[in-house]
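Each chain gets a letter, A, B and so on, in the order its sequence line appears, and its residues count up from 1.
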Amino acid sequence: MGKLEKPQKRKLDKTTVKERDLNNIEDTEDSEEEDFFKDQIKEDDSSDSEADIDESEIDESDNENYESSEEESEENPDDVSSAEGSENEEDDEQDELSDNKEDETSEEEAQIGDKHEGTKQDKNKYKSKDKAQVEKHKAKTEVKVQTSEAISDKIEGSKSLVTTNEYEDHDTSDEEDIRNTTGNIPKNWYDEYKHLGYDWDGNKIIKPETGDHLDEFLKRMEDPDFWRTVKDPQTGQNVILSDEDINLIKRIKAQKIPDVSFDEYAPWIEWFTSEVEKMPIRSFPEHKRSFLPSRTEAKKVSKLVHALKMGWIKTREEREKLRAKKEPQFYMLWSTDDQAEDMRRIHKHISAPKRLLPGHAESYNPPPEYIFDAKEMKDWNKQKNTPWKRKLHFVPQKYESLRRVPAYPRYIKERFLRCLDLYLCPRAIKMKLSIEPESLVPKLPSPRDLQPFPNTLAIEYKGHTDMVRSISTDKTGQYLLSGSDDCTVKIWEVNTGRCLKTIQTDSVVRCVEWCPNAALSLILVATGNDVLIINPGVGDFLVTGKTDDVLKEVPQSDVVVSERVKTTVQWCEPEEKLYERGVRMHLKHFKMVTQVTWHGKGDYFGCVMPDGQSRSVLISQISKRKSQLPFAKSKGLVQSILFHPTKPFLFVATQRHVRIYDLIKQAQVKKLLTNSKWISTMAIHPGGDNLLVGTYDRKMLWFDLDLSTKPYQTLRLHGTAVRGVAFHKRYPLFASGSDDRNLIISHGMVYNDLLQNPLIVPLKRLQDHQAFNDFGIFGVHFHPLQPWVFSSGADSTIKLYSN
Amino acid sequence: MVAKRKKKYTVGEGAQFMTRKAALKKLQLSLNDFRRLCILKGIYPREPRNRKRAQKGHTGIKTLYYVKDIQFLLHEPIIWKLRDYKIFNRKVGRAKALKDFENLRRYLNNHPTLKLDNIVKERYPTFVDALRDLDDCLTLCFLFSTFPSLPHIPRDQSALCRRLTMEFLHAVIEAKALRKVFISIKGYYYQAEIKGEMVTWIVPHHFSFEPQQKSEVDFKIMSTFVEFYIVMLGFINFRLYHGLNLYYPPKFSSVSISETEKSLVDEEIFVSERVCALNFPLSKTSEVAEEEEIEIDNFNSEENPEKIEEAKREAEKIKKLKTLFKGLKFYLNREVPREPLVFIIRCFGGEVSWDKTLFVGATFDENDESITHHIVDRPSMPKQYISRYYIQPQWVFDCVNARDLLPVSKYFMGEVLPPHLSPFIDKERDQQYIPPEERALYDPSILEQQYNKDAEMEEEGKEDDSEDDNGEEEDEDVEEDKQDSTMEEVEAEVIEDNTNKKKPKLSVTTGEVYKEVPWKKDQQDRQAFKLREKLVKNKHKKLYKSMMEGRKERAKEIWLLRKKRRLHDEKQAEEKKTKKKQK
């Protein structure tokens, strides 16, 4: 090893020489040093790096320093402790170390420059002060290549000393600091002791006295060198750093090469070159075998060649080619654009739907209205756990320029979800309804083409003090009859709205009906258990008089009234008081009468007593003053009855069904199924073929008696129970009133042609009545001649609507 | 003798469907292999009409496949390849464990490969079918082309994606097929018309790759999709190039792109070269004069001549669009995303270049006097040429969507950009909100009105200012005027009163012409309709209700957007005003 390294060493020495040259160090010294190096190499084979050499150099120079300083030490040994206030300096130095600001450095330098002389002296002083200190200082700056001019000067000065004291302290170059023999251990192990460790002779190194904080503060205030004082962990002594040290620290901080004199840009010298030297370094010739081809190598090569030949191994190019072959090769797969060649396809293929195309909201610069405001943002955040309920799947963003648009963080996730959809989502063909909702609404003629019909409120008849349950008009349409819960019956003049007559009764008036026979001036009033037949005494004087005359003759009949009828109804002559009021006949029933209705001829009338069980329907004849019970058995709770306008039919509405009886044959003709819970009222078309049934469950049912027993049409025009329905005698109109205060006028055209079904068009909704106890409209009645309609409401008024 | 009773679910829906578990059992595959097979073959679950019957009486939701589909898979040779893979993996694992590197190398060298050519043909029997399904393929390939090397993704996949997508872009450029572009927050949307099919794809913004959690994204599945899509896109590219008389793989006519070796080394270089390549035309197999646009002949068919007219107009517009940027020279500044812009500009016949020192492939320098548009994306520039417009990139996109060169004034450097609107809005759909900017596109007068309004507002503001300046003098004048006017008014009133008193005595009032109040008629109609609404058949009642509700909701949304816009505009106007006042 030693042999090989020798030339190298020499070269290294040369470099150091060069460096020396650059640093303007005198030739003589160089030569001397060279000699010294040579010596050292001889002594120490193991030291083979440049750094080591440098180190030895440092040692040397340090020693020199030491020597020189020792001489001067006697002059003023206690100068170190003499201190001046130097707070500023300290601050400066701290800044220096941390920030490396240039201006401050310059200041610092200036300061240092001012004190140049003094510091020099200081340095000498401290070096002379304690041997150990100096050594420590040297240890600190081991890395340093000490070549500053000042020192070199000193070297010059103390050349003679160098030679003599060369190995006084340490005789090896790479020696570590061994003033303290404890070695490399944590110093805190000695925290509890008075000493720091042991010196070379085994004596304890006693810890120096540490002043309290006050002392430290005073020192800081007074000592000008405080900022450059550091504690040596080896000996526990304070050491004042020299200018060189500080410069060194600064350079290291600034990440420069610590050595000031080192030239980074020196020309590069290649020590190991490819160039052939003219003179061989080794003097012996090359061995013979270096000229002979190797047999083993030849064997290996021949093996490779053979493998290549046989194709066992591939060259790089061949491998490339193979890989290219393995890559998908593209060719003309489809010969035409749209003609399918015979190919197996998957069964009933449904291609995946395309993704929705983006709207304005997805733009990087959307119109401002698409940006979420605070409320929308709050909603968005609220739906964090239910993201599928959100209207958009992203928050619209606005960027002022394209440059600022970042990558979309959910992009990969979205693509992945699409992939999942493609292979995992069940597919089915769903028909999408592309119709307008309007097309679901039946096409009907416009109301304007179906005039006339009542559409404006004309007259209000006020005078009743309680709900008006029932209304009716005379055949000419001059007078209006109304019965109310305030136990009165009032007769009004239609055109003027004047109340002509008020007839007091004993009980609540549930139903009033004007006799359809024009020759008779009679009204039926159902009040409590009684039915009163009253001659109102309005209208034609002759008619009223004649009516009275006719009724005065009591017909004599020999027919025995059955017991059953007798217990149901009693025909009485009215008392005097009643007669004066106009009552011509008084029928006392055994149960409460809720409805009376005239037969079309005006001789018969029917009464309904819902509580009467099998005797709930009673038909009476005025001319003969007798009654009969048509039914022997109850079919249910009878709601209302109705006579057919032309045929001898009776319609009986029980709770759910309407039964039609032939009165002559005494048999049930039909049973109409209403498919509703509770019938309230019914009305028959003047033609007699169509029946309108109102129910408490909000429906109106139009039965075409020719068609079937099921309703031809179910009208859900009202929101609540329907309480009154009516047909117009002449016009194709019908009306319905309900508890939701609506009076709805509809067009109900019935054609003579059997093939054409009735046309039903709702025309107008009128809402003028007030609600009272959840009741709205009770009675609905059309004017017999005009297209007008009356409605009586729970708000104790009657209203007339005209066209 | 009683006929043998038929077993349940042997016919009908019960026999048509198969659960996934049953399918796995039948195919004797693991779930992973089955998934891969389904992705490659394009088999997907079906939604039965009656789930309970299809699941043979089981309730709950199961993944159901057609039995016929599974039978179709049963004959698939790929299944054997998948089994080979399994064997291969086991061999390799064993060799690795035994450190038998010689065999390991041998195994790895001849690993089984799937050949998907026939599957592409099978899934897409015609070219147009393939084009119809190209959306997902392109989007995924463009995404993969931005991926770094990842575990579970073959290394060459993303490289191949890069190559194929680039080739596709070239084909689009050559065919001038691009129709619509859109910058969304997710990426760039492009829509091209190829063989009458609209193909839409998304290219993500820069730096789109983010490592994903395993629970969030399974790259393995995506990779399987890409495995198929690569092959499909390759064949499509081949056919497209063939149709355009281009060489496939593409050859660049003028510039030889530097060695591929280099491009593989550095991602950056690759990307820049890829963009660079877009800037050069491809060499053609035969120099045939371009096909003349086929004129739509005049057929005197009775069925809607309007439609034909419309189609004609559309064709005219598209023809114009194809040469939108012809003769324009664009220069891209450094900060502008080059790939989308180069692609778009080249698609519409423009010339484009960029800083030569930054990226390769520049065709002309910044100091070229013939540059017409300089695209910048920064608020200001120190050195500007007078001979060109300095515009922001959005101008290019908006021009393409408007199919016309828009005025540049609103897009100048440093200007606040007008909103960028989506071109994909279906105009036929009713009940959708149309922002005022979009309305202005159809009818420029609206925007003018708005401008006028603004101008008026500004003028008003000015007037106010002037009044303020004049101050007291005017006020006095005004007061005097007021006094005069009030006096006059009083006199006039007195006169009028006199006349009124006189009038009714002798005159016959002229009959008033009955005017129909329009809103009243409307109201009547509405009321009538409301009544008629109640006659909707019971069967349709729910449908009708839901439709009406939906309509109401949409109306509300529109109303909300409109309101927001109004508030925004008002606020802005106010800000403008205050700014002016401060000045």
Side-chain angles (χ1 to χ4, degrees), chain A residues 326 328 330-334 337-341 343-347 351 354-355 357-360 362-369 373 394 397 400-403 405-409 411-413 415-416 418-419 422-428 437 440-442 444 446-447 716-717 744 762 765, chain B residues 38-39 43-47 66 68-69 72 113 120-122 125-128 135 140 143 182-186 189 195 204-205 207-208 212 216-217 221-222 225 231 234-235 238-239 335 377 393 417 419-422 424 435 437 528 531-536 540 544 547-548 561 564-565 568:
Chain A
K326 263 189 190 173
F330 302 123
Y331 49 89
M332 200 66 157
L333 193 68
W334 300 279
D337 274 349
D338 45 7
Q339 276 168 21
E341 280 112 86
M343 269 294 178
R344 235 176 351 170
R345 297 275 296 126
I346 61 169
H347 182 59
S351 58
K354 293 196 170 185
R355 283 190 61 80
L357 290 169
H360 296 316
E362 213 184 299
S363 167
Y364 87 104
N365 181 15
E369 59 268 33
D373 56 15
F394 56 90
Q397 304 271 340
E400 52 201 31
S401 72
L402 187 54
R403 169 175 49 119
V405 184
Y408 185 62
Y411 190 80
I412 293 176
K413 172 87 180 171
R415 296 281 78 74
F416 174 64
R418 173 69 178 171
C419 285
L422 283 178
Y423 92 91
L424 216 55
C425 186
R427 294 187 199 169
L440 293 176
V441 178
L444 293 173
S446 159
R716 282 193 183 78
L717 299 176
I744 290 178
R765 199 174 60 138
Chain B
C38 281
I39 291 171
I43 303 288
Y44 39 86
R46 313 286 186 134
E47 185 71 27
Y66 269 156
K68 279 195 175 171
D69 282 350
F72 167 57
T113 43
V120 174
K121 186 77 183 276
E122 192 179 87
T126 68
F127 181 50
V128 175
D135 287 14
L140 205 58
L143 176 67
F182 177 55
I183 315 171
S184 105
I185 50 173
K186 293 182 186 171
Y189 281 80
K195 308 266 179 206
H205 288 296
F207 312 118
S208 63
Q212 304 279 332
E216 289 276 295
V217 174
I221 288 174
M222 289 171 96
F225 269 97
V231 181
F235 283 116
F238 190 93
R239 180 146 180 94
E335 69 279 1
D377 200 3
L417 287 168
H420 180 58
L421 299 175
S422 165
F424 301 114
E437 286 85 5
L531 276 177
R532 215 141 43 100
E533 222 173 34
K534 294 190 167 159
L535 294 183
V536 173
H540 297 144
Y544 180 79
M547 276 163 109
M548 286 314 258
L561 283 173
K564 264 168 92 180
R565 178 62 181 234
H568 179 264

If you count heavy-atom pairs under 4.5 Å between each of [options] and chain A, which one has the most?
| options | answer |
| --- | --- |
| S208(B), S184(B), P45(B), P419(B) | P45(B) |
| I183(B), L140(B), V128(B) | I183(B) |
| P393(B), P204(B), A528(B) | P204(B) |
| V536(B), L561(B), D377(B) | D377(B) |
| E335(B), M547(B), E533(B), K186(B) | K186(B) |

Specify the closest pair of heavy atoms between [X] and [Y], including all atoms of both residues, with the distance to one decimal.
| X | Y | result |
| --- | --- | --- |
| I185(B) | S363(A) | CG2-O, 3.8 Å |
| L717(A) | L531(B) | CD2-O, 4.0 Å |
| P442(A) | R532(B) | O-NH1, 3.3 Å |
| D135(B) | K354(A) | OD2-CD, 3.4 Å |
| R46(B) | P426(A) | C-CB, 3.7 Å |
| P367(A) | R565(B) | CB-NH1, 3.7 Å |

At what distance, to the nearest 0.5 angstrom, does [atom1] of [X] lie from [atom2] of [Y]?
| X | Y | atom1 | atom2 | result |
| --- | --- | --- | --- | --- |
| L143(B) | Y411(A) | CG | OH | 5.5 Å |
| L440(A) | L535(B) | CG | CG | 13.0 Å |
| H568(B) | D373(A) | NE2 | CG | 12.0 Å |
| I221(B) | L424(A) | CD1 | CG | 8.0 Å |

Considering only heavy atoms, which portion of [X] lies under 4.5 Å from any heavy atom of chain B: side chain, backbone, both, or neither?
| X | answer |
| --- | --- |
| P406(A) | backbone |
| P447(A) | side chain |
| F394(A) | side chain |
| I744(A) | side chain |

Using non-hydrogen atoms and a 4.5 Å limit, figure out which bit of [X] sits close to chain A: side chain, backbone, both or neither.
| X | answer |
| --- | --- |
| P435(B) | both |
| K195(B) | side chain |
| F235(B) | both |
| E216(B) | both |

Give the member of [options] that has the highest number of heavy-atom pairs under 4.5 Å with chain B.
| options | value |
| --- | --- |
| R418(A), E400(A), Q397(A) | R418(A) |
| P409(A), P762(A), P366(A) | P762(A) |
| R355(A), E362(A), R765(A) | E362(A) |
| S401(A), S351(A), S446(A) | S401(A) |
| P368(A), A428(A), P328(A) | P368(A) |

Worksheet item: Between the side chain of K534(B) and the main-chain N/O of R716(A), is any donor-acceptor distance below 3.5 Å?
Response: no
Worksheet item: Under 3.5 Å, is there a donor-acceptor pair between the side chain of H360(A) and the main chain of S422(B)?
Response: yes
Item to complete: Using a 4.5 Å cut-off on heavy atoms from C-beta on, say whether the side chain of Y66(B) contacts that of I346(A).
Response: no
Worksheet entry | Any F424(B) side-chain heavy atom under 4.5 Å of P358(A) side chain | yes
Item to complete: Determine, stepwise, if the pair R239(B) / L333(A) fulfils side-chain contact (heavy atoms from CB on, under 4.5 Å).
Response: CA-CA 8 Å; R239(B) 180 146 180 94; L333(A) 193 68; over 6 Å; no
Item to complete: Decide ring pair (Phe, Tyr, Trp, His ring centres under 6.0 Å) for H420(B) and Y364(A); before the verdict, give the C-alpha distance in whole Å, the side-chain angles of both, and the deciding distance to 0.1 Å.
Response: CA-CA 7 Å; H420(B) 180 58; Y364(A) 87 104; 5.8 Å; yes
Worksheet item: Hey, what's the ring geometry for W334(A) with F127(B), parallel, tilted or perpendicular (30° and 60° as the breaks)?
Response: tilted
Item to complete: Tell me, with the steps shown, if L357(A) and F182(B) meet side-chain contact (heavy atoms from CB on, under 4.5 Å).
Response: CA-CA 10 Å; L357(A) 290 169; F182(B) 177 55; over 6 Å; no
